[in-house]
Amino acid sequence: MYKDFNAARGAKAAGRTIAVRALLLGGSLLVAVPALAAPLDPVAPQMTGTKEAPATPSVVGYPAIGNGEGTLSGKYNVSRWAEDWRAMRDPARRDDPLDRLKYLPLTQEGDVYLTLSGEFRYRVQETTNPDLRDRAAQRQERTRIFAGADLHLGEHVRFYGELAHAGLSGVNLGAPGANLRNTLTLQQGFGEVKGQIGGAEIGVRGGRQEFTDGPNLLMAVRDDPTLHFVLDGVRGYVRGKRLRADVFDLNFVNYGREGLGDDRTDGARRFSGVTFGYVVPNDFLGTSKLFFDPFVWRLRNRAAAWGRQTAREERMFYGLHLYGDVDRATIDWTVNYQAGDFGDRKISAWQAFLAQTWRIAKSAGAPRVGVHVDYGSGGGAASGQGSVRTASGLYGNNIYYSYQGFLTPTNLMAISPNVTVQPVKNLRVTGEYTMAWRPNVGEAVYRASGAPFAGTQNVGGKHVADLIRAQAIWSVTPRISLTGRYEHMMVKDALSNAGYKNSDFLAGWISLRF
């Protein structure tokens with residue numbers, strides 16, 4: 001009885017905390033409304049409400065592609081709640097019976113409606129020399145099942161819920177995380193209230209949600225694991241035609257391994273801050289569609305670990321993010337400085353991510369060539385002395401460097417030329433070669449999880465690894481895609497001197513979405 005009482009009291013306290021956060025964020029947004037609602041040059045809104053770009057439209061015209069609410073994956077958004085399917089109320093727009101599930105009116109007027117979504121993904125992968133050690137290969141068979149429901153109560157209120165199942169079998173699985181094997185989880189569940197004030201759109205979203213309003217290498221749903229990375233808390237936003245601001249106060253989530261009741265808000269890791277957005281004029285660099293997003297974030301971790309030391313860490317992120325298209329070029333540039341305290345030691349770290357591709361002809365299917373150059377500082381973590389100069393990758397896209405999870409932008413310098421071709425319609429093939437070094441030889445080499453490769457801080461060698469990577473994606477239909485991927489990681493002296501070995505990764509998967 002007392003256990004149930006304490007659980008109920010904890011739930012009420014959590015509810016009060018979210019309510020207080022919502023009020024504070026709402027007040028902050030009201031202060032920001034006058035500046036964001038000021039008259040601006042007209043911007044053509046992004047096409048929304050179609051299979052080609054199903055993204056939440058802004059009633060004031062802020063382009064959906066730059067509002068920080070997920071990214072497209074084929075014809076769908078990675079974050080399914082960000083899709084807008086109101087066009088499906090017109091029977092002429094529906095191509096098959098599943099389209100009917102995208103708009104289910106619950107009232108005669110049609111302003112109260114339900115959108116259902118889902119995904120099934122089956123993936124088989126094999127990794128030789130797991131953890132870069134000389135041992136038997138690991139084979140994983142992963143099954144993902146997502147089911148989502150988006151209830152709209154008129155123009156101003158909505159509720160979104162998403163259940164997920166993660167299945168796993170194979171050989172030499174070790175101790176898989178709860179994001180790879182999970183009977184059932186509430187992956188997302190939030191409510192949202194929005195409206196217009198003074199010509200600006202304003203809204204507050206509270207509950208469990210995906211949050212990726214930032215550079216891909218710092219924030220991502222992490223689509224590689226079966227379950228997505230989610231957070232609990234409140235996000236508020238205000239958008240004008242060319243300016244926006246998003247404020248948030250969120251906690252990480254620890255997935256349980258069984259049913260719906262064992263996933264917990266991680267009170268030890270709290271993430272809050274503000275991201276601003278500006279739509280750069282289209283004639284700024286000839287013909288362009290660019291977005292400029294300054295951000296200030298704070299990550300608090302009561303039990304952060306660097307080297308042999310565990311302490312409370314409060315890390316600030318001060319960054320600038322410029323991304324979009326300039327003629328036939330696509331760019332994604334980020335620089336951020338990280339400050340704060342780790343125990344009684346100061347934090348002083350830098351990161352820079354510079355990615356760009358060039359379409360060699362005007363046609364949309366023309367080959368693209370590109371390169372991304374990435375830097376993350378390192379120092380002081382393994383030694384336990386002086387300031388902590390190791391940069392944090394937050395919860396960024398780990399597979400950007402390696403599906404094996406062997407690299408992260410901490411004590412890393414990487415150069416990755418790449419080329420993408422489309423030999424036939426709906427088939428995209430990308431090849432990439434990555435060369436990685438560590439800027440600080442006295443600091444460890446770090447995995448995507450943020451953990452160091454044991455012993456690398458005690459050996460010489462600057463060159464970490466070279467990787468050959470190839471991927472082919474065939475979009476069979478807008479709902480079905482097939483993906484094949486191969487990687488070969490060649491360890492260099494920074495890893496080989498500590499006893500680590502080369503590794504191969506081979507995977508294939510099918511995704512079905514509606």
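All residue numbers refer to positions in the sequence shown, counting from 1.
Rounding to the nearest 0.5 Å gives a distance of 12.5 Å between OG1 of T265 and CZ of F252. Separating the OG atom in S481 from the CG atom in L427 is a distance of 12.0 Å, to the nearest 0.5 Å. Interatomic distance, Q209 CD to D232 CG, rounded to the nearest 0.5 Å: 8.5 Å. Distance check, rounded to the nearest 0.5 Å: CD of E210 to CE of M219 gives 13.0 Å. Here the OG atom belonging to S79 is positioned 8.5 Å from the OH atom belonging to Y160, to the nearest 0.5 angstrom. Atom-to-atom distance recorded for I145:CD1 and H165:NE2 is 5.0 Å, nearest 0.5 angstrom.
The aromatic ring centres of F248 and Y237 sit 6.0 Å or more apart. Ring centroids of H372 and Y400 are separated by less than 6.0 Å, placing the two rings close together.
The pair R235-D246 meets the salt-bridge criterion, with a side-chain N (NZ, NE, NH1 or NH2) lying under 4.0 Å from an Asp/Glu carboxylate O. Salt bridge annotation for R315-D341: absent, with no cationic side-chain nitrogen under 4.0 angstrom from a carboxylate oxygen. Classification of R135 and D131 as a salt-bridged pair holds, one side-chain N sitting under 4.0 Å from a carboxylate O. Here D99 pairs with R479 in a salt bridge; the nearest charged N to carboxylate O distance falls below 4.0 Å. The residues R142 and D224 are annotated as salt-bridged, a charged nitrogen and a carboxylate oxygen being separated by less than 4.0 angstrom. Taking 4.0 Å as the cut-off between side-chain N and carboxylate O, D134 and K501 do not count as a salt-bridged pair. Salt-bridge formation is detected for the pair E141/R139: a Lys NZ or Arg NE/NH1/NH2 atom is positioned less than 4.0 Å from an Asp or Glu carboxylate oxygen. Using a 4.0 Å cut-off between charged side-chain N and carboxylate O, R244 and D213 make a salt bridge. One finds no salt bridge joining D150 and R80 here, because no Lys/Arg side-chain nitrogen approaches an Asp/Glu carboxylate oxygen to under 4.0 Å. Taking the charged nitrogens against the carboxylate oxygens, R269 and D266 do have a contact shorter than 4.0 Å, which makes a salt bridge.
Within 6.0 Å of atom CZ in R302, 12 or fewer heavy atoms from other residues, nucleotides or ligands are found, so the atom counts as exposed in its surroundings. Atom CZ of R133 sits in a crowded spot, with more than 12 heavy atoms from other residues, nucleotides or ligands closer than 6.0 Å. Heavy atoms of other residues, nucleotides or ligands lying less than 6.0 angstrom from CD of E155 number 12 at most.
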Kindly indicate, with the supporting measurements, whether the criterion salt bridge (charged side-chain N to carboxylate O under 4.0 Å, His left out) is fulfilled by R239 and E69. CA-CA 13 Å; R239 297 170 186 148; E69 295 195 343; 2.7 Å; yes

Go through N336 and W297 one step at a time and tell me if the side chain to side chain contact (heavy atoms under 4.5 Å, CB included) criterion holds. CA-CA 10 Å; N336 77 88; W297 305 333; over 6 Å; no

Stepwise side chain to side chain contact (heavy atoms under 4.5 Å, CB included) check, L106 with Y113: CA-CA 5 Å; L106 303 180; Y113 65 95; 5.6 Å; no

Residue pair R257, N182: steps toward the side chain to side chain contact (heavy atoms under 4.5 Å, CB included) verdict: CA-CA 5 Å; R257 295 179 180 274; N182 203 305; 5.5 Å; no

Test L218 against F353 for side chain to side chain contact (heavy atoms under 4.5 Å, CB included), laying out the working first. CA-CA 10 Å; L218 291 176; F353 313 131; 4.1 Å; yes

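Put simply, the side chain of H152 never gets that close to the backbone of V157: no donor and acceptor are under 3.5 Å apart. Panel note: side chain K102, backbone L116; a donor-acceptor pair is recorded below 3.5 Å. When atom types are taken as modelled, the side chain of R94 and the backbone of M88 share a donor-acceptor pair closer than 3.5 angstrom. A donor-acceptor pair under 3.5 Å links the side-chain atoms of N418 to the main chain of S416, judged by distance alone. In this structure, R222 contributes its side chain and N398 its backbone to no donor-acceptor pair below 3.5 Å. A donor-acceptor pair is defined here as one N or O able to donate and one able to accept, closer than 3.5 Å; no such pair exists between the side chain of N254 and the backbone of R264. Without hydrogens or angle criteria, T128 side chain to A137 main chain gives no donor-acceptor distance under 3.5 Å. Put simply, the side chain of S392 gets close to the backbone of L394: a donor and an acceptor are under 3.5 Å apart.
Judged purely by distance below 3.5 Å, without hydrogens or angles, the side chains of D332 and H321 pair a donor atom with an acceptor atom. Remark: the E83 side chain and the N77 side chain contain no N/O donor-acceptor pair separated by less than 3.5 Å. Counted by atom type alone, W509 and Q125 present zero donor-acceptor pairs between their side chains at under 3.5 Å. Donor-acceptor pairing under 3.5 Å is lacking for the side chains of N251 and R300. For the residue pair T185 and Q187, no side-chain donor N or O sits within less than 3.5 Å of a side-chain acceptor on the partner. With no hydrogens or angles considered, no side-chain donor-acceptor pair links D262 and Y255 at under 3.5 Å.
Minimum heavy-atom separation, P225 to L180: CA-CD2, 3.9 Å. When all heavy atoms of G195 and H156 are compared, the pair lying nearest together is CA-ND1, 3.8 Å. When every heavy atom of G110 is checked against every heavy atom of P105, the shortest pair comes out as CA-CB, 4.2 Å. Nearest heavy-atom pair, F276 versus A245, reported as atom, atom and distance to 0.1 Å: CD2-CB, 3.9 Å. Contact record, P294 with L320: CB-CD2, 3.9 Å, taken as the closest heavy-atom pair. Of all heavy-atom pairs between P176 and L168, the closest is CB-CD2, 3.4 Å.
Annotation: side chain of E487 is in contact with side chain of Q404 (closest heavy-atom distance under 4.5 Å). Proximity of R123 to I510: side-chain heavy atoms (C-beta onward) are nowhere separated by under 4.5 Å. Using a 4.5 Å heavy-atom cutoff, the side chains of F406 and L495 are not in contact. The shortest side-chain heavy-atom distance between T115 and W85 falls under the 4.5 Å cut-off. Side-chain contact between Y500 and F453 is present, with heavy atoms from C-beta onward closer than 4.5 Å. The closest side-chain heavy-atom distance from D374 to P409 is not below 4.5 Å. Two residues are said to be in side-chain contact when any heavy atoms from C-beta on lie closer than 4.5 Å; R205 and W81 meet this criterion. Residues Q471 and R469 have side chains not in contact (no heavy-atom distance under 4.5 Å, counting atoms from C-beta outward).
Not counting sequence neighbours, the partners of R144 by the side chain to side chain contact (heavy atoms under 4.5 Å, CB included) test are E119, R121, F146, D223, T226, H228.
Ring geometry for Y318 against Y337 counts as parallel: the plane angle stays under 30°, on a 0 to 90° scale with 60° as the upper cut. Classification of the F271-F317 ring pair by plane angle, with boundaries at 30° and 60°, yields perpendicular.
Of the listed residues (T330, D293, T334), just one forms a side-chain hydrogen bond (donor to acceptor under 3.5 Å, both in side chains) with Y323, and that residue is D293.
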